[in-house]
Amino acid sequence: MKKLVLTASLLAVCIPGVFAQKYMTRTGKVIFDATTKKSPEKIDGKNNEVASMLNAETGELVFQVLVKSFKFEKQLMEEHFNENYMESDKFPKSDFKGKIANSKDVNFSKDGIYNTTVAGKLTIHGATNDVSVPGTITVSGNKIKLAAKFAVKLADYKITVPSLVEDKVAKEASIILDAELTQK
Amino acid sequence: MFSSKKLVLLSLVFTAFSFTTFAQDDLFAELEKNAPKKNDYSFATFKSTRLINGSSIECLGEGVLDFRISHRFGQLSQGMENFFGMDNAVTKLSLDYGINRWLMIGIGHSAFNKEDDGSLKIKFLRQRNNGGMPITLTYFANASIETMPAPSLPVATQTWLFSNRLFYTHQVLIARKFNDKLSLQLMPTVVHYNLVDSTKFSNNTIAMGVGGRIKLTKRAAITAEYYYRLTNTGLLVYGSPTYNAFSLGFEVETGGHVFQLMISNSQGLTERTFIGQTTDSWPKNQLHFGFNISRVFTIVKPKGYVENKDEKKAW
């Protein structure tokens, strides 16, 4: 009986180690670009503090971005981005929660590049939309690299552009994601 | 009572259940668990480094140059004769530069008394949204020199000392952004005049300023600024009595510009004039219309932003 209890408790301790194969990072990168042909200057920002976690077993994937951590070439643009467009005091975080659609096709224990589609809910500026984004997963040892490029319609996330600069800011911003997650 | 077998089974089921819930548990929660605490500083308490006449707590960003043109017209009450004061404009040109996030230097020239000035601004405390510091505190110092020709003195052997032309201002600016609409600021101030009209007056004027802004839209706001003198209120300037300066403003921002329109009883544009030597008054309807235009230029790109074309090319 004692043995059984011991095995059970041992098993219980081991279970999360076996099943919850999790990968994470806090230094992922997201770049957004809303430059148009009529923009007088580049409208892009870079965030190097993107947090992400992946559960390899279930294919669940989350991203979290602090809006104020976006860096810009011009300080004033950063202020406008935070104050007028993203309202980052009201909506400090943007995040994504979803699943790798074909996670069974990805062998996390075998090095290689896998094409995937990730579907889930993207929340920006307090507005949530269902998105499906193609990307790649590169497995190398205990590290996996996630890369994707997609577009977000500003209107879908209730981000308004004043009519005065309407044609100077892209209606769809392109988002480039690049994150290297390490096994926990 | 449970048999021990049942108990083990139950605990097994329970642990298995708890782990399944754990595995499906919000990955967000797990991310948050060990997240490094980041200071959430409030930003854009005011639109510009100047509230109306005086300074705001805002410093320029690192490597940012601000070119500012300020105009104060003659008295509105002058009517058509002087085109409501437009014919008697006073101009100030200034350049300010942000050495880093908390240190700003500036130079300026004002046509009023032909005054040149140099200034320094240091941000000591920053307001935080997630607990801790409730205010932003900035120190502002300004020294100015009047470059008008020396007045003719009654005694020929007397000379007009260079030191007579110098003025100094020190301010502690304390502000809080209460929400995205309302920001308020307190400005305890000391102005030192190397020369005053008579020995009856002190060379120092101590004043308490209050100011604030209320945003009407994301890009437009109304502002107000009042300097209440605690000492030296009887100061005369070339025989004229002086008043506390009160200004009402409206500001609009478009891209890299900030336009500030104001009505004030002060026509002077340097600290020593509008704080301690304002010779016009609201009750007497001696008001001046004016505007500031600020244009910022990025001279040095911020550190966090490194342009790397390959990042985008990869796709």
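Throughout, protein chains are lettered first and strands after them, A, B, ... in sequence-line order, and every chain is numbered starting at 1.
Side-chain atoms of S69(A) and K38(B), non-hydrogen and from C-beta on, do get closer than 4.5 Å to each other. Put simply, the side chain of V62(A) does not reach to within 4.5 Å of the side chain of E30(B), judged on heavy atoms. When side chains are defined from C-beta on, L27(B) counts as touching K22(A), because their heavy atoms get closer than 4.5 Å.
Taking each heavy atom of T298(B) and E73(A) in turn, the nearest pair found is CG2-O, 3.7 Å. Shown here for F28(B) and F63(A), the closest heavy-atom pair between the two residues is CE2-O, 3.5 Å. L31(B) and T25(A) make their closest contact through CD2-O, 4.5 Å (heavy atoms, listed as atom of the first residue, atom of the second, distance). Across all their heavy atoms, A35(B) and R26(A) have their closest contact at N-NH2, 3.4 Å.
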Table please: side-chain donor-acceptor pairs of residues 174-183 of chain A below 3.5 Å, with sequence neighbours left out.
{"from": "D178(A)", "atom 1": "OD1", "to": "K145(A)", "atom 2": "NZ", "distance (Å)": "3.3"}

Side-chain donor/acceptor pairs under 3.5 Å, residues 247-254 of chain B, sequence neighbours excluded:
{"from": "S247(B)", "atom 1": "OG", "to": "N53(B)", "atom 2": "ND2", "distance (Å)": "3.2"}
{"from": "S247(B)", "atom 1": "OG", "to": "S264(B)", "atom 2": "OG", "distance (Å)": "3.0"}
{"from": "E251(B)", "atom 1": "OE1", "to": "Q260(B)", "atom 2": "NE2", "distance (Å)": "2.9"}
{"from": "E253(B)", "atom 1": "OE1", "to": "K47(B)", "atom 2": "NZ", "distance (Å)": "3.4"}
{"from": "E253(B)", "atom 1": "OE2", "to": "H80(A)", "atom 2": "NE2", "distance (Å)": "2.3"}
{"from": "E253(B)", "atom 1": "OE2", "to": "K47(B)", "atom 2": "NZ", "distance (Å)": "3.4"}

Less than 3.5 Å apart, which donor and acceptor atoms pair up between the side chains of residues 91-101 of chain B and the rest of the protein, not counting sequence neighbours?
{"from": "N100(B)", "atom 1": "OD1", "to": "W102(B)", "atom 2": "N", "distance (Å)": "2.9"}
{"from": "N100(B)", "atom 1": "OD1", "to": "L103(B)", "atom 2": "N", "distance (Å)": "3.0"}

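Only the side chain of L66(A) comes within contact range of chain B, judged by heavy atoms closer than 4.5 Å. Neither the backbone nor the side chain of K168(A) has a heavy atom closer than 4.5 Å to any heavy atom of chain B. Using a 4.5 Å cut-off between heavy atoms, E41(A) makes no contact with chain B at all. For M24(A), the part lying under 4.5 angstrom from a heavy atom of chain B is the side chain only.
Between chain B and the residues P92(A), G45(A), P162(A), the largest count of heavy-atom pairs under 4.5 Å involves P162(A). Your options are Q75(A), K74(A), E79(A), M53(A), and the one with the most heavy-atom pairs under 4.5 Å with chain B is M53(A). Chain B forms more heavy-atom pairs under 4.5 Å with one residue of E49(A), E78(A), M77(A) than with any other, namely E49(A).
Atom NZ of K184(A) sits in a crowded spot, with more than 12 heavy atoms from other residues, nucleotides or ligands closer than 6.0 Å.
Annotation: residues 106-119 of chain A contacts chain B through no residue [non-hydrogen atoms, separation under 4.5 Å].
In this structure, K68(A) contributes its side chain and Y41(B) its backbone to a donor-acceptor pair below 3.5 Å.
Rounding to the nearest 0.5 Å gives a distance of 5.0 Å between NZ of K177(B) and CG of D89(A). The structure places CG of D40(B) at 7.5 Å from OG of S88(A), a figure rounded to the nearest 0.5 Å.
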